[in-house]
Structures are given as C-alpha cells and as structure tokens.
Amino acid sequence: MEIYAFISFAVLAIATALGMVLNKNTVNSALMLVLNMVSIAGLYLLLQAQFLALIQIVVYAGAIMVLFLFVIMLLNVDDDEHLFDRFRVKYLIVTLLAVVVFAQILYGIAGVTDLLPELSSDMTTVGTVEAVAEVLYTDYLFAFQITAILLTAAVVGALMIAQFKADPETGEQES
Amino acid sequence: MIGIDWYLALSAILFVIGIVGVLIRRNAIVVFMCVELMLNAVNLALLSFSAYHGDIGGMILVFFSLAVAAAEAVVGLAIIIAIFRNHLSVDILKVNLLRW
C-alpha cells in the first residue's frame with residue numbers, strides 16, 4: 001500500500017516538474033508547480049511529517065504560488081513563441097551538466113544509504129504538531145524569532161524594490 | 001517499507017529537472033519557479049534523512065527553510081517586477097547590463 005502511494009506521488013511529482021519546465025504558457029507552468037508541491041506534501045505524509053505536509057500545502061501551494069500567479073497576471077507576460085532559443089550548443093552543455101550533476105548526486109547517495117537505519121516506529125509521534133512545536137518553541141526559539149525578523153526585512157525590502165513612484169516635477173516615472 | 005534511497009533518488013531527479021529548467025528557459029518567472037522546485041527537492045532529501053534517523057532536528061530545519069523560501073520568493077518577485085518595469089519584458093536574455 002505504502003509503495004503504491006510512494007510510486008504514484010513520485011510519478012506525479014516528476015511528471016508535473018517536467019510539465020512545468022516544458023510548458024509554453026507561464027500560468028500553466030505555475031499550476032503544474034502547485035500540483036508538484038501537493039505531491040511533495042503527500043510524500044511528506046508518507047515520511048510521517050504531518051505538520052510539514054500541512055505547512056507545505058498552506059505556505060507553498062497556497063501563499064507562494066498565489067503570489068507567483070498574481071505577478072504573472074500583473075505583468076501580463078505573453079507565451080513564449082519558441083520554448084528554447086536557437087543556440088544549439090547550449091543544449092549540449094545543459095544535457096552534459098545535468099547528467100554530471102545527477103551522477104554526482106547518485107554517487108553521493110550510494111555512499112551513505114547503507115549506513116542509514118530503517119524508518120523507526122517511534123517516528124509516528126515525531127512529526128505531529130505537538131512534537132514539532134515543543135522543540136520549536138524551546139530549543140529553536142532564538143532561530144524562530146530571527147526568522148520573524150527575516151520575514152519582516154523581506155517584506156520591507158520587497159516593498160522598497162517594487163514600489164512605483166512618479167517624479168512630481170517632471171512627471172517621469174522612476175522606480 | 002520503502003528504502004530511503006528511493007526518496008533520495010526522487011529528490012535528485014527533481015533537482016536535476018530544476019537545473020535543466022533554470023538553464024534552458026528564458027522567462028524569468030519560470031526560471032524562478034525552477035529554483036523553487038530545486039529548493040523543494042532539497043527539502044525532501046532533508047526530511048527523508050530526518051525521518052529515517054528519527055531526529056526531529058531535520059524537520060525544524062525544513063520548517064526554517066520554508067520560511068526563508070517564502071522571504072526569497074517575495075524579494076525575487078519584487079525584483080522581477082522591477083526588471084519588467086525597466087525592460088517591459090521578463091526575458092532574461094534582455095537583461096544584459098552586467099553581462100560581458
């Protein structure tokens with residue numbers, strides 16, 4: 001049962017990732033990415049991380065992707081006429097690079113997987129909201145508050161960058 | 001029980017798809033979405049290590065990674081809006097001020 005769930009989530013994740021990269025329409029790409037995030041949340045559930053699965057759906061598939069879609073529709077970008085530009089040598093290099101990186105990662109994985117234990121049975125209690133919150137608000141409280149400062153700084157910075165001002169004297173628009 | 005190597009292999013595949021997307025796409029928004037995909041792949045690897053070791057520290061790290069990803073998405077999209085305002089396009093080949 002668990003294997004079937006893993007295979008279906010994995011296939012969905014890979015298919016939507018490929019669909020995102022190979023889609024000409026930006027909105028379709030974003031929706032593919034939403035589906036990808038949801039399937040990764042399903043994988044988190046299989047790994048007994050219920051809290052992070054919920055966070056993944058709420059924050060990623062919800063908030064961040066809505067922001068993406070909002071920007072796409074705000075900018076009103078046309079579909080790409082051709083998906084790839086005409087520079088052919090680039091694709092050779094890209095393929096080579098992708099294969100090299102993939103081989104490197106697989107080599108790294110093969111080196112460590114023998115050393116790892118099986119999924120421990122007490123993991124079912126580790127990923128719940130209570131368990132995460134208990135550690136988050138005690139051991140990691142300082143990092144948690146730093147994150148709050150980081151988010152505030154990011155919001156202020158984004159406002160400063162994206163703000164749109166017109167010069168009152170010349171009427172010209174400047175950023 | 002599924003071995004951890006399957007999760008790690010899936011994470012590697014998603015990461016490589018993200019790399020390919022970053023390298024071949026010209027639309028800055030799609031490039032940015034591919035970066036998010038790579039971030040997700042790494043989170044998946046981190047979480048599977050955490051689950052198989054039975055250590056909650058990895059989960060906390062993924063939680064902070066999500067928070068940083070949210071901040072990064074906000075700033076990145078603001079930069080894309082600023083680029084669009086200057087060039088009226090999000091084609092990354094047209095943003096060549098610092099390119100030799």
Side-chain angles (χ1 to χ4, degrees), chain A residues 2-3 6 10 13-14 17-18 20-21 26 29-30 33 36-37 40 43-44 47-49 52 55 59 63-64 67-68 71-72 75 77 80 84-85 91 94 98 101-102 105-106 109 113 116-120 122-123 126-127 131-132 135-136 140 143 147 150-151 154-155 157-158 161-162 175, chain B residues 1-10 12-21 23-27 29-30 33-34 36-37 40 43-44 47-54 56-57 59-60 62-64 66-75 77-82 84-86 90 93:
Chain A
E2 203 185 341
I3 291 177
F6 175 79
I14 293 174
L18 283 175
M20 182 193 77
V21 172
T26 318
S29 281
L33 189 56
N36 187 48
M37 304 286 184
I40 288 181
L43 289 170
Y44 285 2
L47 288 167
Q48 309 289 352
L52 278 172
I55 289 290
V59 172
I64 294 183
L67 197 64
F68 266 96
V71 168
I72 290 167
L75 299 189
V77 186
D80 298 352
F84 315 113
D85 50 79
Y91 298 123
V94 166
V101 170
F102 190 57
I105 296 173
L106 284 188
I109 291 170
T113 41
L116 291 170
E118 285 292 303
L119 184 56
S120 42
D122 54 318
M123 262 312 285
V126 168
V132 172
V135 182
L136 189 62
Y140 296 92
T147 310
L150 172 77
L151 285 172
V155 169
I161 295 170
S175 56
Chain B
M1 194 61 235
I2 309 160
I4 186 177
D5 37 356
W6 290 102
Y7 283 102
L8 295 180
L10 174 66
I13 291 171
L14 289 178
F15 190 82
V16 171
I17 292 174
I19 288 181
V20 171
L23 290 176
I24 66 174
R25 290 304 300 261
R26 293 169 54 183
N27 188 330
I29 297 175
V30 179
M33 287 196 287
C34 290
E36 297 286 331
L37 177 67
N40 259 289
N43 276 348
L44 181 62
L47 195 69
S48 56
F49 273 122
S50 162
Y52 278 79
H53 278 289
I56 202 167
M59 261 174 218
I60 303 290
V62 172
F63 176 80
F64 286 128
L66 278 173
V68 172
E72 171 249 341
V74 169
V75 175
L77 286 172
I79 291 174
I80 288 177
I81 290 178
F84 184 80
R85 193 178 301 140
N86 286 328
V90 287
L93 294 182

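Computed from a predicted structure; not experimentally measured.
Summarising the geometry, atom CE belonging to A:Met37 is positioned 7.0 Å from atom CG belonging to B:Leu37; distances are rounded to the nearest 0.5 Å. Atom CZ of B:Arg25 is separated from atom OG1 of A:Thr26 by 7.0 Å, given to the nearest 0.5 angstrom. To the nearest 0.5 Å, atoms CG (A:Leu52) and CG (B:Leu44) are separated by 11.5 Å. The structure places CD1 of B:Ile56 at 8.5 Å from OH of A:Tyr140, a figure rounded to the nearest 0.5 Å.
Heavy atoms of B:Leu14 lying under 4.5 Å from chain A belong exclusively to its side chain. With a threshold of 4.5 angstrom between heavy atoms, B:Val90 approaches chain A through side-chain atoms but not through N, CA, C or O. In this structure, chain A has heavy atoms under 4.5 Å from both the backbone and the side chain of B:Ile29. Interface remark: A:Thr147 contributes side-chain atoms only to the contact with chain B (heavy atom separation under 4.5 Å). Residue A:Leu33 touches chain B through its side chain alone, counting heavy-atom pairs closer than 4.5 Å.
By the 4.5 Å heavy-atom criterion applied to side chains, A:Ile40 and B:Asn43 are not counted as neighbours. Here the side chains of B:Tyr52 and A:Leu47 are in contact, with some heavy-atom distance below 4.5 Å. Side-chain contact between B:Ile13 and A:Phe102 is present, with heavy atoms from C-beta onward closer than 4.5 Å. At least one side-chain heavy atom of A:Leu43 sits less than 4.5 Å from a side-chain heavy atom of B:Leu10.
The candidate from B:Leu77, B:Ile19, B:Ile81 with the greatest count of non-hydrogen atom pairs under 4.5 Å with chain A is B:Leu77. Chosen from A:Ala13, A:Ala143, A:Ala63, A:Gly157, the residue pairing most often with chain B at heavy-atom distances under 4.5 Å is A:Ala143. Your options are B:Val20, B:Leu66, B:Val62, and the one with the most heavy-atom pairs under 4.5 Å with chain A is B:Leu66. Of the listed residues B:Leu47, B:Ile79, B:Ile80, B:Val74, the one with more heavy-atom pairs under 4.5 angstrom with chain A than any other is B:Leu47. Contact count versus chain B (heavy atoms, under 4.5 Å) is highest, among A:Val71, A:Leu75, A:Leu150, A:Ile14, for A:Leu75.
Between B:Ala73 and A:Ile64 the shortest heavy-atom distance is CB-CG2, 3.8 Å. Nearest heavy atom pair, residue A:Ile161 against residue B:Ala78, reads CG2-O, 3.6 Å. The two residues A:Ser29 and B:Val30 have their closest heavy-atom pair at OG-CG2, 4.4 Å. Residues A:Ala162 and B:Arg85 approach most closely at O-NH2, 2.8 Å, considering heavy atoms. Considering all non-hydrogen atoms of both residues, A:Leu136 and B:Phe63 come closest at CD2-CE2, 3.7 Å. Nearest heavy-atom pair, B:Val75 versus A:Ala154, reported as atom, atom and distance to 0.1 Å: CG2-O, 3.8 Å.
Scored by the side chain to side chain contact (heavy atoms under 4.5 Å, CB included) test, A:Ala30 finds A:Met65, A:Leu69, A:Ile72, B:Met33 as partners (sequence neighbours excluded).
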